[in-house]
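Order of the sequence lines sets the chain letters (A, B, ...), proteins ahead of strands, with each chain counted from 1. Because the structure is a prediction, the values reported are computed rather than measured.
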Amino acid sequence: MLQVPFIRQNKALVLERLALKNFKELDLVEEILVLDDKRKKLTLEYDETQAKINSASKEIGKLMAQGQKEEAEARKSEVASLKEKLQPANEELIATEKALHDVLIKLPNLPAAAVPPGKTPEENVEIRKGGQVPVLHAGAVPHWDLAKKYDLIDFELGNKITGSGFPVYKNKGARLQRAMIQYFLDFNINNGYTEYQPPHMVNAASAYGTGQLPDKEGQMYFVGEDELYLIPTAEVPLTNLFRDEILKDTDLPVKMTGYTPCFRREAGSYGKDVRGLNRLHQFDKVELVQIVHPDKSYDVLEEMTAHVEALVQSLQLPYRILKLCGGDMGFGSALTYDFEVYSTAQQRWLEVSSVSNVETFQANRAKIRFKDGTGKAQLVHTLNGSSLALPRILACILENNQAEDGIHIPAVLQSYFGSGKIS
RNA sequence: GGAGAGAUGCCUGAGUGGCCGAAAGGAACGGUUUGCUAAACCGUCGUACGGGUUAAACUGUACCGAGGGUUCGAAUCCCUCUCUCUCCGCCA
């Protein structure tokens with residue numbers, strides 16, 4: 001959520017950047033300013049009337065103590081008439097504040113100046129690539145066939161006990177996944193991140209704080225009985241650990257990492273996108289979250305991107321890093337780098353990480369602030385990134401590393417996995 | 001799930017109708033003192049939204065778990081909800 005004073009002082013910039021994000025309802029910006037003016041005016045009126053009531057009430061107390069009953073009664077009726085005015089004024093103020101808030105939450109975050117223009121994923125800009133696309137042997141197959149051949153993942157079994165999009169990992173498949181979680185977490189911890197195991201369900205306030213509610217309500221699984229949402233990413237609980245907190249500037253940066261399953265309804269997805277491990281309703285992910293000083297967030301974004309890149313490189317997978325164009329970015333993001341790895345048997349790129357600076361967008365909703373030397377509380381910047389989402393990494397390892405004699409395990413995973421090959 | 005107790009500022013904790021945005025102590029921060037550390041002493045020590053100002057100063061309103069109510073006036077009285085703690089039951 002953007003801050004109204006910022007919008008007021010930078011109206012032209014706001015309009016320009018919203019257009020870059022392909023946002024259509026630009027009239028909302030003016031509406032916000034009008035509503036905010038109205039809010040200020042009503043606030044002033046309300047406060048002034050309330051101030052009169054408060055001072056009259058104090059006088060009544062003194063008059064009563066002095067035994068001046070008649071004078072006290074006169075003041076009481078004065079207060080009564082003021083209160084009649086107050087009631088509708090208060091209702092109008094509350095309605096105006098709500099209307100303002102309802103409009104504010106419709107505005108996406110502003111893209112940073114560095115965001116390339118564009119509307120579709122094709123207009124994302126590749127900024128780096130690395131690794132080598134392997135030449136596969138003649139009988140190479142996609143990961144879902146490998147999963148069956150080596151008895152690693154059972155999709156049908158998942159269908160039976162839950163539904164499509166909930167695979168059952170077994171044998172070496174389960175172990176490889178567990179090895180990756182362990183390796184990813186260790187990699188992050190060794191780079192200064194603190195490990196957390198957060199809850200896998202959150203309340204509505206948390207879902208609002210990171211921006212899942214109200215817009216993306218349909219994307220989350222909801223447990224109605226207890227009014228809890230299954231997390232779509234660990235970003236939600238991790239960021240919300242600091243909701244309504246005022247940190248000291250010496251507490252920054254906060255660097256968190258955590259492994260959680262992630263639950264996404266993915267309504268409307270179909271076809272090759274959902275084949276095998278490509279898109280699931282439940283998947284595992286190791287996440288990074290940083291809470292930082294506003295002056296540092298873009299340096300930190302580069303640092304996190306380099307960190308994820310090193311992790312991907314260590315797995316020896318062909319990858320590319322894209323800077324997302326305005327139209328393809330998430331609602332809350334100011335600048336996003338996507339990581340994709342190449343799935344050789346499917347001959348397509350699969351997104352395995354998305355690293356974003358959301359600036360104050362979540363901090364404003366979740367009220368995450370810090371105090372610097374001046375003693376004034378101001379909003380932090382938050383960042384998040386995957387390091388990494390597991391199923392597509394698993395898919396690429398299986399496909400890219402398949403050989404006649406089995407599937408070769410990347411060197412960095414071998415000690416966690418317990419061997420160098422699946423055969 | 002049943003019974004009881006409770007929810008106050010960074011923490012402990014006082015406050016049962018006006019003098020309370022809130023005592024006191026601790027922590028933290030700034031300073032004085034000091035050979036160093038410690039101690040002592042002095043000061044600062046909530047947030048949000050308004051008004052005001054070049055910026056301050058200054059000033060108004062709201063907030064003592066949340067939401068309602070009573071009253072001229074509520075941290076304080078009443079109602080509802082949420083959460084926490086203790087005991088019992090069940091249980092990984």
Side-chain angles (χ1 to χ4, degrees), chain A residues 1-9 32-105 197 199-209 213 223-229 237 240-252 254 261 291 360 362-380:
Chain A
M1 188 160 69
L2 301 178
Q3 297 172 91
V4 178
F6 178 85
I7 297 174
R8 190 176 290 285
Q9 286 160 27
I32 285 167
L33 297 181
V34 169
L35 282 168
D36 189 53
D37 282 336
K38 189 177 176 192
R39 181 189 64 83
K40 283 187 185 178
K41 180 171 148 281
L42 292 170
T43 300
L44 186 59
E45 282 171 22
Y46 177 86
D47 284 357
E48 282 175 348
T49 308
Q50 187 59 252
K52 283 182 196 164
I53 292 173
N54 287 347
S55 70
S57 294
K58 279 202 172 118
E59 283 178 41
I60 290 167
K62 281 179 195 150
L63 291 168
M64 299 281 268
Q66 292 163 10
Q68 297 178 319
K69 280 207 125 172
E70 280 177 29
E71 184 62 21
E73 288 303 321
R75 303 310 302 269
K76 277 194 199 180
S77 61
E78 190 183 310
V79 169
S81 71
L82 284 171
K83 283 182 82 171
E84 275 178 39
K85 266 180 63 183
L86 202 62
Q87 177 72 2
N90 189 32
E91 279 168 15
E92 196 182 359
L93 176 58
I94 289 169
T96 305
E97 284 173 340
K98 185 179 183 305
L100 175 60
H101 181 258
D102 287 350
V103 180
L104 272 173
I105 59 174
Q197 291 183 355
H200 299 167
M201 292 197 249
V202 294
N203 56 30
S206 295
Y208 173 81
L213 289 181
V223 182
E225 186 83 24
D226 298 290
E227 296 187 70
L228 294 172
Y229 296 85
N240 274 283
L241 293 176
F242 292 86
R243 174 155 49 86
D244 294 322
E245 296 288 337
I246 299 176
L247 300 161
K248 285 182 277 199
D249 54 358
T250 51
D251 294 332
L252 303 177
V254 176
I291 295 175
T360 60
Q362 293 175 334
N364 193 30
R365 288 173 160 240
K367 294 286 166 283
I368 308 175
R369 290 167 291 176
F370 76 100
K371 271 189 184 176
D372 59 15
T374 68
K376 189 129 175 74
Q378 60 172 312
L379 298 172
V380 298

Using atom P in both nucleotides, what's the gap between B/rU84 and B/rA40 to the nearest angstrom? 39 Å
Distance check, rounded to the nearest 0.5 Å: A/Ser206 atom OG versus A/Met201 atom CE? 13.0 Å
I'd like the C1' distance from B/rA28 over to B/rC10, given in whole Å. 8 Å
Please tell me which of A/Leu44 and A/Ile246 maps to the more 5' nucleotide of RNA chain B, matching each residue to the nucleotide holding its nearest heavy atom. A/Ile246
Between B/rU47 (C1') and A/Leu247 (CG): distance, integer Å: 15 Å
Minimum-distance pair of heavy atoms, taken over all atoms of A/Ile291 and A/Leu252: O-CD2, 3.6 Å
Could you please spell out the steps behind the salt bridge (charged side-chain N to carboxylate O under 4.0 Å, His left out) verdict for A/Arg75 and A/Glu71? CA-CA 6 Å; A/Arg75 303 310 302 269; A/Glu71 184 62 21; 5.1 Å; no
Does OP1 or OP2 of B/rU47 have a side-chain N or O of A/Lys371 closer than 4.0 Å? yes
Could you tell me how far B/rU33 sits from B/rG15 if I compare only their C1' atoms? Round to whole Å. 37 Å
Using atom P in both nucleotides, what's the gap between B/rG30 and B/rC20 to the nearest angstrom? 31 Å
Please give the nucleotide sitting opposite B/rG43 as a Watson-Crick or G-U wobble pair, both distances under 3.5 Å, or none. B/rC29
Pair partner, B/rC36 [Watson-Crick or wobble, under 3.5 Å]: none
Distance, C1' atom - from B/rA14 to B/rG89, rounded to whole angstrom: 38 Å
Please give the nucleotide sitting opposite B/rA23 as a Watson-Crick or G-U wobble pair, both distances under 3.5 Å, or none. none
If the sugar-phosphate is the primed atoms plus P, OP1 and OP2 and the base is the rest, what is the B/S/- string for nucleotides 54-66 of chain B, using protein heavy atoms under 4.0 Å? ------BSS----
CA sep, side-chain torsions, deciding dist, call: A/Asp102, A/Lys98, salt bridge (charged side-chain N to carboxylate O under 4.0 Å, His left out): CA-CA 6 Å; A/Asp102 287 350; A/Lys98 185 179 183 305; 2.8 Å; yes
Suppose we define a pair by two distances each less than 3.5 Å, Watson-Crick or G-U wobble; what does B/rA74 pair with here? none
A/Lys371 and A/Asp249: salt bridge (charged side-chain N to carboxylate O under 4.0 Å, His left out), yes or no, with the steps? CA-CA 6 Å; A/Lys371 271 189 184 176; A/Asp249 54 358; over 6 Å; no
Go through the steps to decide whether A/Glu59 and A/Lys62 satisfy the test salt bridge (charged side-chain N to carboxylate O under 4.0 Å, His left out), and finish with yes or no. CA-CA 5 Å; A/Glu59 283 178 41; A/Lys62 281 179 195 150; over 6 Å; no
I'd like the C1' distance from B/rU76 over to B/rC19, given in whole Å. 15 Å
Touch check for A/Lys376, heavy atoms < 4.0 angstrom, all strands: base, sugar-phosphate only, or nothing? nothing
Along RNA chain B (nearest heavy atom to each residue), the more 5'-positioned of A/Asp36 and A/Ser57: A/Ser57
I want to check one thing: is the phosphate of B/rA48, taken as OP1 and OP2, less than 4.0 Å away from some side-chain N or O of A/Arg369? yes
May I ask which nucleotide in the shown strands pairs with B/rC91, Watson-Crick or G-U wobble, both distances under 3.5 Å? none
Least distance between heavy atoms, A/Ala72 atom then A/Ile60 atom: O-CG1, 4.1 Å
May I ask you to evaluate whether A/Lys83 reaches the phosphate of B/rG73, defined as a side-chain N or O under 4.0 Å from OP1 or OP2? yes
Please determine, for B/rA55, whether a Watson-Crick or G-U wobble partner exists with both distances under 3.5 Å, and give it or none. none
Given atom CG of A/Asp37 and atom P of B/rC49, what is their separation to the nearest angstrom? 16 Å
Quick one: CZ on A/Arg369 to CG on A/Asp244, what's the gap to the nearest 0.5 Å? 7.5 Å
Between NZ of A/Lys38 and C1' of B/rC49 the distance, given in whole Å, is 18 Å
Separation of B/rG17 P from A/Lys58 NZ (nearest whole Å): 18 Å
To the nearest 0.5 Å, what is the distance between CG on A/Leu228 and CG on A/Asn203? 7.0 Å
Paired to B/rG67 by Watson-Crick or G-U wobble criteria (both distances under 3.5 Å) is B/rC79
Applying the 3.5 Å cut-off to both distances, the Watson-Crick or G-U partner of B/rG4 turns out to be B/rC85
Once you apply a heavy-atom cut-off of 4.0 Å, does A/Ile53 come out as touching a base, just sugar-phosphate, or nothing? nothing
What distance, rounded to whole Å, do you find between the two P atoms, one in B/rA74 and one in B/rA66? 16 Å
Let me know the distance between CG of A/Asn364 and C1' of B/rC49, rounded to the nearest Å. 14 Å
In whole Å, what separates the P atom of B/rG67 from that of B/rA75? 13 Å
